[in-house]
Number of protein chains: 2
Amino acid sequence: MKPNLPETHLEAWRKYYVSFWRIFAAIEVDLAAAGLPSLSWYDALYELYLAPDRRMRMSALAQSALLSRSGLTRLVDKLEKERLIERRACAQDGRVQHAQLTDKGVAVLRKIWPVYRAGLAKYFAAHLSEVEAKQVAAIFTRVIAGTQ
Amino acid sequence: MKPNLPETHLEAWRKYYVSFWRIFAAIEVDLAAAGLPSLSWYDALYELYLAPDRRMRMSALAQSALLSRSGLTRLVDKLEKERLIERRACAQDGRVQHAQLTDKGVAVLRKIWPVYRAGLAKYFAAHLSEVEAKQVAAIFTRVIAGTQ
DNA sequence: GGGATTTAGTTGCGGATGCAACTAAAATCT
DNA sequence: AGATTTTAGTTGCATCCGCAACTAAATCCC
């Protein structure tokens, strides 16, 4: 562990790594216990919710939802089967499909969020002061920019 | 997003969440490109490396390596097939198996680490000052304690 | 001591996801 | 305009992983 990776940073990574998996797993357990879809569904639906007209191109959604294109295709298959989104062909470009969030999709998003929020409050936010939360946001914003 | 989850904390979570997946995926890509096993192999081998006599009970290793018991069973199957570890029955308790790191396992660990370290330096450590790394370690140590 | 319970690990199964190959459509090049 | 290349999305396949059910061994309890 010589170049560019001081012991302090390695220790930070280890804590970050373990804490992430723990929080993630705990929230997934809570969602499953509540009979709700998993975070990957939430992520995709939420990105659509934020998007103009609540729709996005498949590949853009894949990026936002942190999935491969093929992974997103399968996820959208399932979401569409549940009528949470609709696939809509693009009139301008025949290659493109848009995923369009439906009202039912919004409703599901609103059912997931309280459980997700409670998990975040309990497993994550409870352990950060306001100042620390700001620091974490600032630090990882830089990290994200570095992996763009 | 009312109770116990201020906007600041939610923002921190979003950055933390996205940055984690980005770093994780980038490191996996680097490992695969170098023809090396994935992080899950590294995690398990490394936990064994740290353990007394370089061996652990299966269930303890599952916890340390952030896997379910069944997930660990399969991982150990593969590691054993590659002779990176050996399963050893416990003389005192017939139910227990120990995973014992082999010299070949140590060698693989030492081949993975430079690539892993380089990824960490580039995708993670480069964006944190020394002070920030200490803060991150402290904060997420608390988070981990809260999900014990 | 013998049956019931608990514990450790494994196996069957299904779900999630990525890579590579594929199809179709658009853009580019000549 | 026609051929080539690039782009968007999908599909085949393989891998990884967790839950639930299972087996075997230890412990508990009477």
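All figures in this text were calculated on a predicted structure; none of them were measured in a lab. Only heavy atoms go into these numbers, but all of them, side chains included; no hydrogens, no water, no symmetry mates. Residue numbers begin at 1 in each chain, while the letters A, B, ... track the order of the sequences.
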Exercise. What residues in residues 74-85 of chain A put a non-hydrogen atom under 4.0 Å from any atom of DNA chain C?
Worked result: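 Within residues 74-85 of chain A, the residues near DNA chain C are R74(A), K78(A).
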Problem set entry | Residues in contact with DNA chain C, drawn from residues 15-31 of chain B - heavy-atom cutoff 4.0 Å | none
Donor-acceptor pairs under 3.5 Å, side chain of residues 133-145 of chain A to any protein atom, not counting sequence neighbours: which ones?
unit_1: T141(A); atom_1: OG1; unit_2: A137(A); atom_2: O; d: 2.5
unit_1: R142(A); atom_1: NH1; unit_2: H127(B); atom_2: O; d: 2.5
unit_1: R142(A); atom_1: NH1; unit_2: E132(B); atom_2: OE1; d: 3.2
unit_1: R142(A); atom_1: NH2; unit_2: E132(B); atom_2: OE2; d: 2.6

Problem set entry | Distance flag, aromatic centroids of F24(B) and W21(A), threshold under 6.0 Å |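 Ring centres of F24(B) and W21(A) closer than 6.0 Å.
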Exercise. When all nucleic acid strands are considered with a 4.0 Å heavy-atom cut-off, which category describes S40(A): base, sugar-phosphate, or nothing?
Worked result: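 Touches sugar-phosphate only.
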Exercise. Which part of the nucleic acid does S59(B) contact within heavy-atom distance under 4.0 Å: base, sugar-phosphate only, or nothing?
Worked result: sugar-phosphate
Exercise. Is there any side chain to side chain donor-acceptor pair (under 3.5 Å) pair reaching into residues 47-58 of chain A, and which pairs are they, with sequence neighbours excluded?
Worked result: Y49(A)-R110(A)
Exercise. How would you list all residue pairs meeting side chain to side chain donor-acceptor pair (under 3.5 Å) that involve residues 27-39 of chain B, not counting sequence neighbours?
Worked result: D30(B)-Y123(B), S38(B)-S40(B)
Problem set entry | Check: Y17(B) side chain, F20(A) main-chain N or O, donor-acceptor pair, under 3.5 Å |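 Side chain of Y17(B) to backbone of F20(A), a donor-acceptor pair under 3.5 Å: no, none is there.
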Exercise. Checking T8(B) side chain against E130(A) main chain: does a donor-acceptor pair fall under 3.5 Å?
Worked result: no
Exercise. L39(A) has an atom CG; how far is it from atom P of dA16(C), in whole Å?
Worked result: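 Nearest whole value for this atom pair: 13 Å.
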Exercise. What integer distance in Å separates M58(A):CE from dG18(C):P?
Worked result: 13 Å
My understanding is that only residues two or more places apart in sequence, or in another chain, count here; which of them pass side-chain contact (heavy atoms from CB on, under 4.5 Å) with [X]?
| X | answer |
| --- | --- |
| A34(A) | L36(A), V115(A) |
| S70(B) | S68(B) |
| R69(B) | none |

Problem set entry | Residue pairs involving residues 57-98 of chain B (criterion ring-ring contact (aromatic ring centres under 6.0 Å, His included); sequence neighbours excluded) | none
Problem set entry | Residues in salt bridge (Lys or Arg N to Asp or Glu O under 4.0 Å) contact with K122(A), at least two apart in sequence or another chain |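 Not a single residue meets the salt bridge (Lys or Arg N to Asp or Glu O under 4.0 Å) criterion with K122(A).
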Exercise. Can you give the first and last nucleotides of DNA chain D, 5' to 3', that have an atom under 4.0 Å from a heavy atom of chain A?
Worked result: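 For DNA chain D, the relevant span reads dT7(D) to dC13(D).
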Problem set entry | Within residues 91-102 of chain A, residues whose heavy atoms come under 4.0 Å of DNA chain D |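 The answer is R95(A), V96(A), Q97(A).
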For this session: May I ask you to decide whether K78(A) forms a salt bridge with E82(A), counting only side-chain N to carboxylate O separations under 4.0 Å?
Result: no
Exercise. Are D77(A) and R87(A) close enough for a salt bridge, meaning some N to O gap below 4.0 Å?
Worked result: yes
Exercise. Taking for each residue the nucleotide of DNA chain D bearing the nearest heavy atom, is the 5' side occupied by R69(B) or by R69(A)?
Worked result: R69(A)
